[in-house]
J.: 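Before I ask anything, here is the structure I am working with.
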Amino acid sequence: MLKKLEDYEKQIQELVITSKDDLENFRLQFLSKKGIVPQLFTAFRDVPNEQKKEFGQKLNVLKDLAETKFKELQTELKSGGNTVDPNIDLTVPPFPTEIGTRHPVNMVRREVVGIFERIGFTVSEGPEIEDDWHNFSALNFPPEHPARDMQDTFFVAHPSLPKGGLSPLSGGQGGAALRTHTSSVQVRVMENQKPPIRTISPGRVFRNEAISARAHCIFHQIEGLYIDKNVSFADMKDTLLYFAREFYGPETKIRLRPSYFPFTEPSAEMDVYWGLETEADYRITKGTGWLEVLGCGMVDPNVLKSCGIDPEIYSGFAFGMGIERTAMLKYQVKDLRLFFENDKRFLDQFKAAY
Ligand code: PHE
């Protein structure tokens with residue numbers, strides 16, 4: 001008899017179940033009215049007196065075991081399988097954890113924004129679908145002026161506009177386009193704020209260009225605007241020199257070359273001196289040692305007027321750079337398309353930089 005009790009005990013301890021049916025069978029076998037445990041209690045009556053004590057104790061142990069096991073299996077089944085040690089935190093990620101990186105475009109954006117924030121520039125943002133006024137007309141691109149062709153534009157149909165949206169020839173007549181530069185944001189800032197204005201606008205811009213290693217139809221820009229009384233070309237040059245030295249290194253040399261933008265007069269292109277020592281330097285700088293990094297100029301009085309700022313009292317400068325281009329120089333990336341493909345092998349290379 002005692003041996004039987006031990007066998008049952010073992011059977012219960014080793015029991016594994018996988019379904020509700022298994023659990024029910026276990027209950028029927030051991031705990032139901034006609035199950036093993038009640039039967040053993042009946043049998044207890046006939047156990048010889050000298051064995052009663054030991055048998056009784058063992059039987060009680062078996063009964064407890066069967067009942068706890070039943071409860072355990074019941075919760076195990078409810079929680080969908082394994083019972084979980086409550087001391088184990090299953091939300092802790094396994095080791096080693098793979099940590100992602102910031103995208104190189106984002107890293108450069110953050111760095112450039114930080115450099116200008118340190119000298120009091122604020123960040124402003126605006127819509128990616130722009131109207132003609134903010135993207136072109138307010139920036140001194142007269143309707144039908146060839147300067148509009150400098151930036152191949154995606155015109156968009158808009159529910160509130162005549163079918164087909166704005167055609168290149170209806171410039172200035174209203175309509176919508178994907179913004180071709182974030183200068184549009186600066187128009188919004190000038191319309192809504194009084195000078196002094198010191199702001200930079202980072203953001204995504206769109207141009208209808210064939211995708212190649214050097215051009216893409218989507219890219220990012222950071223443009224800056226400074227307007228106050230007596231702002232001079234020298235102020236612009238000094239601000240840009242500060243930027244170049246913070247970003248490209250303390251010894252960086254810059255030069256400004258005359259250029260043309262409808263919204264600035266005079267306009268310039270800023271180059272930084274890259275060096276001309278290795279073959280790669282020759283290739284990157286096309287043999288000049290200088291790299292073009294941004295466009296800039298004194299805000300055209302017409303632009304100030306369009307935005308409700310009196311050009312007799314205020315003057316200002318503006319500048320704009322492509323973030324991908326800047327990142328290409330900084331990290332020596334040879335193909336612009338890599339920034340948009342999200343190839344993990346490419347992105348992983350920026351782990352150290354982050
Ligand atoms: N908006 C110009 C562009 O997208 C860049 C620029 C900004 C040039 C401000 C001069 C001043 O090319």
Side-chain angles (χ1 to χ4, degrees), residues 101-126 179 181-190 193 195-205 219-228 230-257 259 261 263-264 267-275 284-285 290-299 315-333 336 339 347 349-354:
T101 57
R102 278 190 209 290
H103 194 279
V105 166
N106 242 334
M107 294 195 296
V108 168
R109 177 182 60 83
R110 288 161 64 96
E111 189 176 347
V112 174
V113 167
I115 290 170
F116 283 102
E117 275 179 341
R118 289 204 285 281
I119 54 169
F121 280 73
T122 57
V123 173
S124 36
E125 288 181 345
R179 67 179 178 199
H181 49 187
T182 53
S183 303
S184 56
V185 181
Q186 309 193 332
V187 172
R188 290 175 181 277
V189 172
M190 286 188 274
Q193 290 176 26
I197 292 171
R198 270 174 295 181
T199 190
I200 46 171
S201 29
R204 206 153 52 144
V205 300
F219 58 100
H220 298 78
Q221 280 191 330
I222 296 188
E223 298 213 352
L225 177 72
Y226 190 133
I227 296 175
D228 203 350
N230 302 317
V231 177
S232 68
F233 196 88
D235 292 329
M236 177 179 85
K237 194 172 169 186
D238 206 42
T239 307
L240 294 177
L241 180 63
Y242 154 80
F243 160 72
R245 296 205 158 153
E246 290 289 307
F247 191 81
Y248 291 100
E251 304 297 324
T252 304
K253 281 188 263 175
I254 64 166
R255 74 175 184 190
L256 294 173
R257 277 179 297 107
S259 184
F261 300 102
F263 35 88
T264 48
S267 304
E269 213 93 52
M270 184 178 97
D271 297 344
V272 297
Y273 191 69
W274 181 263
I284 296 170
T285 68
W290 292 90
L291 268 181
E292 182 193 318
V293 296
L294 56 82
C296 56
M298 301 306 290
V299 181
S315 56
F317 63 80
F319 55 89
M321 68 191 95
I323 303 186
E324 283 80 1
R325 204 185 137 65
T326 311
M328 279 171 92
L329 299 177
K330 178 149 186 154
Y331 302 116
Q332 305 250 338
V333 176
L336 181 79
F339 290 119
L347 298 176
Q349 295 174 47
F350 296 92
K351 279 197 170 157
Y354 169 60

J.: Tell me which one of Arg109, Arg204, Glu324 satisfies side-chain hydrogen bond (donor to acceptor under 3.5 Å, both in side chains) with His220.
T.: Glu324
J.: In chain order, what residues pass the side chain to side chain donor-acceptor pair (under 3.5 Å) check against Thr285, with sequence neighbours excluded?
T.: none
J.: Indicate yes or no: at least one non-hydrogen side-chain atom of Arg118 is less than 4.5 angstrom from one of Tyr242.
T.: yes
J.: Out of the candidates Ile254, Thr326, Val272, only one should pair with Val293 under the side-chain contact (heavy atoms from CB on, under 4.5 Å) rule; please name it.
T.: Val272
J.: Under 6.0 Å from the CD atom of Glu125, do we count more than 12 heavy atoms belonging to anything else shown?
T.: no
J.: Report the residues that fulfil salt bridge (Lys or Arg N to Asp or Glu O under 4.0 Å) with Lys253, sequence neighbours left out, ordered by chain and then residue number.
T.: none
J.: Please report the interatomic distance CZ(Arg198) to CG(Leu225), rounded to the nearest 0.5 Å.
T.: 11.5 Å
J.: Quick check for you: to the nearest 0.5 Å, what is the distance between Tyr273 atom OH and Arg255 atom CZ?
T.: 10.0 Å
J.: In terms of ring plane angle, is the pair Phe243 and Phe116 parallel, tilted or perpendicular, where the classes change at 30° and 60°?
T.: parallel
J.: Taking the six-membered ring for Trp, are His181 and Phe263 closer than 6.0 Å centroid to centroid?
T.: yes
J.: Go through the structure and list residues passing side chain to side chain contact (heavy atoms under 4.5 Å, CB included) with Asp228, not counting sequence neighbours.
T.: Pro196, Tyr226, Val231, Tyr314
J.: Could you tell me whether the side chain of Pro104 reaches within less than 4.5 Å of the side chain of Val333, counting heavy atoms only?
T.: no
J.: Who passes salt bridge (Lys or Arg N to Asp or Glu O under 4.0 Å) against Glu111, sequence neighbours left out?
T.: Lys330
J.: I need the Thr264 OG1 to Met236 CE distance, nearest 0.5 Å.
T.: 8.0 Å
J.: Taking salt bridge (Lys or Arg N to Asp or Glu O under 4.0 Å) as the definition, give me every residue that meets it alongside Arg110, ordered by chain and number, with sequence neighbours left out.
T.: none
J.: Is the closest side-chain heavy-atom distance between Met321 and Val112 below 4.5 Å?
T.: yes
J.: Residues in side chain to side chain donor-acceptor pair (under 3.5 Å) with Arg245, at least two apart?
T.: none
